[in-house]
Amino acid sequence: MKKIFTKMVGTIFVLVGLIILGSCGNKEGKKEYIIGVIQIADHPSLDAAREGFLEKLDKEGISYKLIDHRAGGDISLIPQLASDLKIKGADLIYTIGTPAAQGVYNIVNDRPILFTAVTDPIGAGLVDEKTRTGKNITGVSDYVDPAKVIDDFLKVYPETKTFATMYNTNEQNSLVQIEALERAIKERGLSLKKQGVSSINDIPQALASLKSGTDAMVTVTDNVVVNAMPVIAKTLKDEKIPSLAFDEGSVENGALIAEGVNYKKIGQRAGEMAGEILEANKDIKELPFEDAKDLEMLVNKDTAKDLGLDLKNEGLKDAKIMEKKEGK
């Protein structure tokens, strides 16, 4: 009997120890959240939005297990990836890109969703125009006013009369940007040549049809087009056509000038929102979606040299000059 009692006491101590260890969860005893990420495509701008988000979570000391999904530009994969996160019990889902946000929002309605790199959250059916939130979704938009960007570009290339652009006809955020771009260009008495594409394979043909008679190429934050920027930039440099983009990643990949949002910063803001939801128990309705702040102009030094652009041009006085990174 004594031996049995001793074994029982020993077992109890072991169980208590396991419970204590299990309750800790991490070094500080904080709850470990399951956070899912769904990114529509891989390119520098969207990667920066992801990096900023995770950096902010780490800086805020939020303990989490990450389930990281990439769709590789395939919209049809989003519902499957969203369902996987739902099954695995994600406490919060972070979506990067309009198709990712729309796909997840259609599948997941019982836990918070955050977005970045969504140009028109209202037009995309994600949020209400008055409340600026959806039932369980909010985030940070990457909308850029094309009128300001065009005006700043014309300070550098005032002789520009005809712009050209490409865009994915199946991407809602692209259609919204193209409409605003066309309006801004027409208001300035200039013209815009447009070419729709449906995949990266259409880019070479689109370039071939657009380059003739074009003074400058402007590309919006379209995932198909941005993903093809290395090809676009090389063709434009060969044709001595300056290029204007709305994202930093495009300049990293060879575009001449970009004026747009800092995707790492909007990712960081989304990370702050995640902390407010998970740690401060804020409801989505308390966090209306925000527009990106602090636009910045960037110039690719190598492309400028190839095109004979003087970096001391008055229109570039506030620009950040980006040099080629080692290994690239």
message = Between Arg111 and Asp91, does the salt bridge (charged side-chain N to carboxylate O under 4.0 Å, His left out) criterion hold? Intermediate values first, please.
response = CA-CA 7 Å; Arg111 65 205 70 193; Asp91 296 295; over 6 Å; no
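- Side-chain rings of Tyr94 and Phe53 approach one another, their centers coming within less than 6.0 Å.
- Comment: Glu290 does not engage Arg132 in a salt bridge, judged by the lack of any side-chain N to carboxylate O separation of less than 4.0 angstrom.
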Go through the steps to decide whether Tyr167 and Asn173 satisfy the test side-chain hydrogen bond (donor to acceptor under 3.5 Å, both in side chains), and finish with yes or no.
-> CA-CA 10 Å; Tyr167 63 100; Asn173 74 305; over 6 Å; no
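- Thr165 places no side-chain N or O within 3.5 Å of a backbone atom of Thr219 that could act as its donor or acceptor partner.
- The existence of a salt bridge linking Lys293 and Asp291 is excluded, since no basic side-chain nitrogen approaches an acidic carboxylate oxygen closer than 4.0 Å.
- Applying side chain to side chain contact (heavy atoms under 4.5 Å, CB included) to Tyr33 and the options Leu57, Ile62, Leu92 leaves one that passes, Ile62.
- Hydrophobic clustering of Ile, Leu, Val, Met, Phe, Trp and Tyr side chains at less than 4.5 Å, counting indirect connections, keeps Met322 apart from Val261.
- In this structure, the side chain of Thr116 does not engage the main chain of Val140 through any donor-acceptor pair within 3.5 Å.
- Under 4.0 Å is where a charged nitrogen must lie from a carboxylate oxygen, and between Glu32 and Lys65 no such pair does.
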Note to self: Set out, in order, the CA-CA distance, both residues' side-chain angles and the distance that settles side-chain contact (heavy atoms from CB on, under 4.5 Å) for Ile35 and Leu278, then state yes or no.
What the structure shows: CA-CA 10 Å; Ile35 294 180; Leu278 296 172; 4.0 Å; yes
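- Atom CD of Gln205 has 12 or fewer heavy atoms from other residues, nucleotides or ligands within 6.0 Å.
- Here Lys320 does not pair with Glu296 in a salt bridge; the nearest charged N to carboxylate O distance is not below 4.0 Å.
- A distance of 8.5 Å separates OG in Ser45 from CG in Asn253, rounded to the nearest 0.5 Å.
- Across Ala245 and Ser250, no two heavy atoms sit closer than the pair CB-CB, 3.5 Å.
- One finds a salt bridge joining Lys155 and Asp152 here, because a Lys/Arg side-chain nitrogen approaches an Asp/Glu carboxylate oxygen to under 4.0 Å.
- A heavy-atom distance below 4.5 Å is not found between the side chains of Leu287 and Thr133.
- Rounded to the nearest 0.5 angstrom, Thr95 OG1 and Ile137 CD1 are separated by 5.0 Å.
- Remark: His69 NE2 to Ile93 CD1 distance equals 9.0 Å, nearest 0.5 Å.
- Between Leu85 and Lys88 there is no side-chain heavy-atom pair separated by less than 4.5 Å.
- In the hydrophobic clustering of this structure, Phe246 does not group with Met217; members are Ile, Leu, Val, Met, Phe, Trp, Tyr whose side-chain heavy atoms approach within less than 4.5 Å, directly or through other members.
- Applying the side chain to side chain contact (heavy atoms under 4.5 Å, CB included) test between Asp222 and each of Val197, Asp247, Asn168 identifies Asn168 as the sole match.
- Side-chain contact annotation: Ser191 with Thr162, donor-acceptor N/O pair under 3.5 Å present.
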Salt bridge (charged side-chain N to carboxylate O under 4.0 Å, His left out) between Lys237 and Asp302, worked out: CA-CA 10 Å; Lys237 281 195 290 184; Asp302 292 333; over 6 Å; no
Are Lys211 and Ile241 close enough, and set up right, to give a side-chain contact (heavy atoms from CB on, under 4.5 Å), and what steps lead you there? CA-CA 8 Å; Lys211 64 185 182 182; Ile241 298 173; 4.0 Å; yes
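- Thr160 places a side-chain heavy atom less than 4.5 Å from the side chain of Leu154.
- Using a 4.5 Å heavy-atom cutoff, the side chains of Asp84 and Gln80 are not in contact.
- Hydrophobic clustering of Ile, Leu, Val, Met, Phe, Trp and Tyr side chains at less than 4.5 Å, counting indirect connections, keeps Leu210 apart from Phe153.
- You'll find the side chain of Asn136 stays beyond 4.5 Å of the side chain of Pro112, heavy atoms only.
- Between Lys265 and Glu51 there is no salt bridge, since no side-chain nitrogen of the basic residue lies less than 4.0 Å from a carboxylate oxygen of the acidic one.
- Asn223 contributes atom CG, which lies 6.5 Å from atom CD1 of Ile40 (distance to the nearest 0.5 angstrom).
- Residues Ser209 and Gln195 meet the side-chain proximity criterion, which asks for heavy atoms closer than 4.5 Å.
- Residue Lys285 places its NZ atom among more than 12 non-hydrogen atoms of other residues, nucleotides or ligands, all under 6.0 Å distant.
- Within a 6.0 Å radius of CD in Glu129, no more than 12 heavy atoms belonging to other residues, nucleotides or ligands are found.
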Which is it for Asp306 and Lys240 under the salt bridge (charged side-chain N to carboxylate O under 4.0 Å, His left out) test, yes or no, and what are the steps along the way? CA-CA 8 Å; Asp306 290 341; Lys240 301 301 179 184; 6.0 Å; no
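- Atom NZ of Lys234 has 12 or fewer heavy atoms from other residues, nucleotides or ligands within 6.0 Å.
- One finds a salt bridge joining Lys56 and Glu60 here, because a Lys/Arg side-chain nitrogen approaches an Asp/Glu carboxylate oxygen to under 4.0 Å.
- A salt bridge links Lys186 with Glu182: at least one charged nitrogen is closer than 4.0 Å to a carboxylate oxygen.
- When the side chains of ILVMFWY residues are joined at heavy-atom separations under 4.5 Å, either directly or via intervening members, Ile178 and Phe163 end up in a single hydrophobic cluster.
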message: Please determine whether side-chain hydrogen bond (donor to acceptor under 3.5 Å, both in side chains) holds for the pair Tyr143 and Asp120, giving the CA-CA distance in whole Å, both sets of side-chain angles, and the decisive distance to 0.1 Å.
response: CA-CA 7 Å; Tyr143 179 75; Asp120 183 18; over 6 Å; no
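- Closest heavy-atom contact between Gly36 and Ala90: N-CB, 4.2 Å.
- Here the side chains of Asp68 and Arg50 are in contact, with some heavy-atom distance below 4.5 Å.
- When the side chains of ILVMFWY residues are joined at heavy-atom separations under 4.5 Å, either directly or via intervening members, Val299 and Val218 end up in a single hydrophobic cluster.
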Worked verdict on Glu55 versus Lys264 for salt bridge (charged side-chain N to carboxylate O under 4.0 Å, His left out): CA-CA 9 Å; Glu55 278 188 6; Lys264 189 170 184 178; 3.2 Å; yes
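- Taking both residues in full, the closest heavy atoms of Thr119 and Asp142 are given as OG1-OD1, 2.9 Å, listed atom of the first, atom of the second, then distance.
- Here the straight-line distance linking atom OG1 of Thr214 with atom NZ of Lys193 works out to 3.5 Å at 0.5 Å rounding.
- Ring planes of Phe115 and Phe289: tilted class, angle from 30 to 60°.
- Summarising the geometry, atom CG belonging to Leu309 is positioned 10.0 Å from atom OG1 belonging to Thr303; distances are rounded to the nearest 0.5 Å.
- Between the side chains of Thr221 and Gln177, at least one donor-acceptor pair of N or O atoms lies under 3.5 Å.
- Between Tyr64 and Ile34 there is no side-chain heavy-atom pair separated by less than 4.5 Å.
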| request: With side-chain hydrogen bond (donor to acceptor under 3.5 Å, both in side chains) as the test, would you mind laying out the steps for Gln39 and Asp47 before giving the verdict? | output: CA-CA 8 Å; Gln39 183 172 321; Asp47 293 345; 2.8 Å; yes
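- Of all the heavy atoms in Ile232 and Ile203, the pair that sits closest is CG1-CG2, 3.7 Å.
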